[in-house]
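Notes for the one structure printed next.
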Amino acid sequence: MSQTPAWDTESLALRDHRFLWHPFTQQQKWCEEEPIIIVGGSGAMLTDSRGRSYIDGNSSIWTNIHGHSHPAIMGAVSRQIATLDHTSFLGTTHPAAIELAERLVTLFPMRSLSRVFFSDNGSTAVEAALKMSLQYWQLRGHPRRCRFGGFSGAYHGDTAGAASLGGIGTFFDSFAEIHFPTKRFSNLQELEAFPHPEELAAVIIEPLIQGSAGMRVWPSGMLRELRRFCDRTGVLLILDEVMTGFGRTGTLFACEQESVMPDLLCVAKGLTGGVLPLAATLVTEEIYKAFLGTAEEQKTFYYGHSYTANPVACAAALASLDLFDTERTLENLQPNISTLKKELERLRTLRVVSEIRQCGFIAGIEVMLDPTTSTSYPWQDLTGAKICAAARNHGLLTRPILDTIVLMPPFCITEKQIIHAVDAIALAIKQICLA
Ligand code: PLP
């Protein structure tokens, strides 16, 4: 019988507070409380150092697909690490990356995205897409196409280029001075009215749903219209499927739902099933070909990272793709999407719930002080954070976006666990907002 290790929570907490700096975290407050120290994961559940179990309500920051410690992915990872742990992708290549690139290309109709450029995370997949777009137009003799179009509320990552296209002021305003030249639009109509599309190298969008904006769903047909705009004006279309990719919206990729093919597409988070960091930027053959030439022509795409196409991460991604077939992941996800929809309906009876937004297996539940007059809670109250803290005591671990509670668990979650997760949110909202 395997024995659960005993964790010294106090010591770990003390050392975390002493040595660590967490992302997107107000450290002063963080250091005032004992952190949840996650020590185990299995299926849709996480366990902490005090032996408490939680449903992984946000799939460990939107990454996990098939559940934690899936034996097929663990097996593939351990076989790969025993054979080849890492090798440079500058000047050499390896079988796992070759096979993964081929598999990714075949996921798109008529192999319209025919080339795969690997990097490490969502931000770098976007960063590479932006730089590729810029250099593509230089190589094509259109250097004036040097600005990017993005949307208000967007989030594309935190590297300087990706952050330039972010439309959330709180996150990005401090770095505005060093951002790429960007034009931000609040909707498609505003973009269509922009008088200088010939200055735009590319426009980037989170298809179907904006994540960090608070799980905000785009109007139906918008993506198709955006593709038409790009066709008319020559602006490249970059789809950021970092959150939506690999089944999250109910289809393998969100763009399938509007039959749209981009010029560049970014994937990360779920690519490895949410197990290891790996990202890819897929591009059309036309873009790739612009970079072909002799060394003297300086057409090389000068971009890369030390861990580009790490073999272990590639092996995890291949195993994850296999699971989509062997476990019929997308087929099995559909009843979970319906259960989630049905269960979330219950929350509408709570008078502070102003909106429930769902796209596939992504949900955002927004609370307001007074939904009838659209009056929000003062942001300083941190109502969403308090609800999520309360939900932990009912066995659900998730994070809010302001006062929107995110619910997007791993696809393998059971019906009973979905009901439990929604119960936990209901109890937490009652406790924090209605007591
Ligand atoms: N793009 C989107 C749509 C995202 O949601 C995120 C992260 O949440 C990113 C890019 C950045 O990904 P990463 O955190 O892996 O850099």
Side-chain angles (χ1 to χ4, degrees), residues 22-25 56-65 117-133 148 150-168 170-172 175 179-180 182 184 202-218 223 226 237-249 253-255 262 264-282 303 305 307-310 313 316-317 320 357 359-364 398-402 404 406-408:
H22 289 261
F24 282 92
T25 299
D56 185 358
N58 76 347
S59 291
S60 296
I61 206 73
W62 318 351
T63 57
N64 196 281
I65 301 283
F117 186 90
F118 284 115
S119 61
D120 304 346
N121 54 59
S123 308
T124 55
V126 168
E127 196 83 11
L130 297 175
K131 291 185 175 177
M132 277 171 184
S133 311
F148 295 98
F151 289 97
S152 312
Y155 180 78
H156 299 290
D158 292 327
T159 53
S164 315
L165 273 303
I168 302 174
T170 325
F171 295 169
F172 305 120
F175 311 108
H179 280 170
F180 290 2
T182 296
R184 194 160 296 121
V203 62
I204 183 165
I205 187 170
E206 295 156 84
L208 299 192
I209 177 167
Q210 285 188 319
S212 300
M215 303 306 167
R216 296 198 177 270
V217 183
W218 287 111
L223 192 60
L226 178 61
L237 176 61
I238 306 173
L239 293 189
D240 177 350
E241 293 244 17
V242 168
M243 176 183 76
T244 52
F246 301 100
R248 263 296 151 196
T249 65
F253 296 101
C255 60
L264 303 98
L265 181 134
C266 306
V267 287
K269 294 185 187 270
L271 171 58
T272 61
V275 172
L276 284 166
L278 181 71
T281 307
L282 282 82
Y303 185 97
H305 298 281
Y307 282 101
T308 290
N310 171 262
S320 174
R357 300 181 282 271
C359 177
F361 213 42
I362 305 170
T398 188
R399 247 179 101 83
I401 300 165
L402 290 175
T404 296
V406 172
L407 186 57
M408 47 186 293

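Below, all heavy atoms of this structure are taken into account, side chains as well, without hydrogens, waters or symmetry copies. Ligands are counted one by one from 1 in listed order, and the atoms in each one are counted from 1 as well. Since the model is a prediction, treat every value here as computed from it, not as a measurement.
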Parallel, tilted or perpendicular: ring planes of H179 versus F175, cut at 30 and 60 degrees: tilted
Under the side chain to side chain donor-acceptor pair (under 3.5 Å) test, residues paired with S59 that sit two or more places apart: R248
At less than 3.5 Å, what protein N or O atoms come close to the N or O atoms of ligand 1? Include the distances to 0.1 Å.
unit_1, atom_1, unit_2, atom_2, d
ligand 1, 1 (N), D240, OD1, 3.2
ligand 1, 1 (N), D240, OD2, 2.6
ligand 1, 8 (O), K269, NZ, 3.0
ligand 1, 15 (O), G122, N, 2.8
ligand 1, 16 (O), N121, OD1, 3.4
ligand 1, 16 (O), G122, N, 3.4
ligand 1, 16 (O), S123, N, 2.9
ligand 1, 16 (O), S123, OG, 2.6

Qualifying residues under salt bridge (charged side-chain N to carboxylate O under 4.0 Å, His left out), relative to R216, sequence neighbours excluded: E366
Modelled atom types, side-chain donor and acceptor of S60 and D56, under 3.5 Å: yes
For residues 202-210, which side-chain donor-acceptor pairs fall under 3.5 Å, sequence neighbours excluded?
unit_1, atom_1, unit_2, atom_2, d
E206, OE1, G211, N, 2.9
E206, OE2, Y155, N, 3.0
Q210, NE2, S152, O, 3.0

Side chains of S123 and T159, donor plus acceptor under 3.5 Å: no
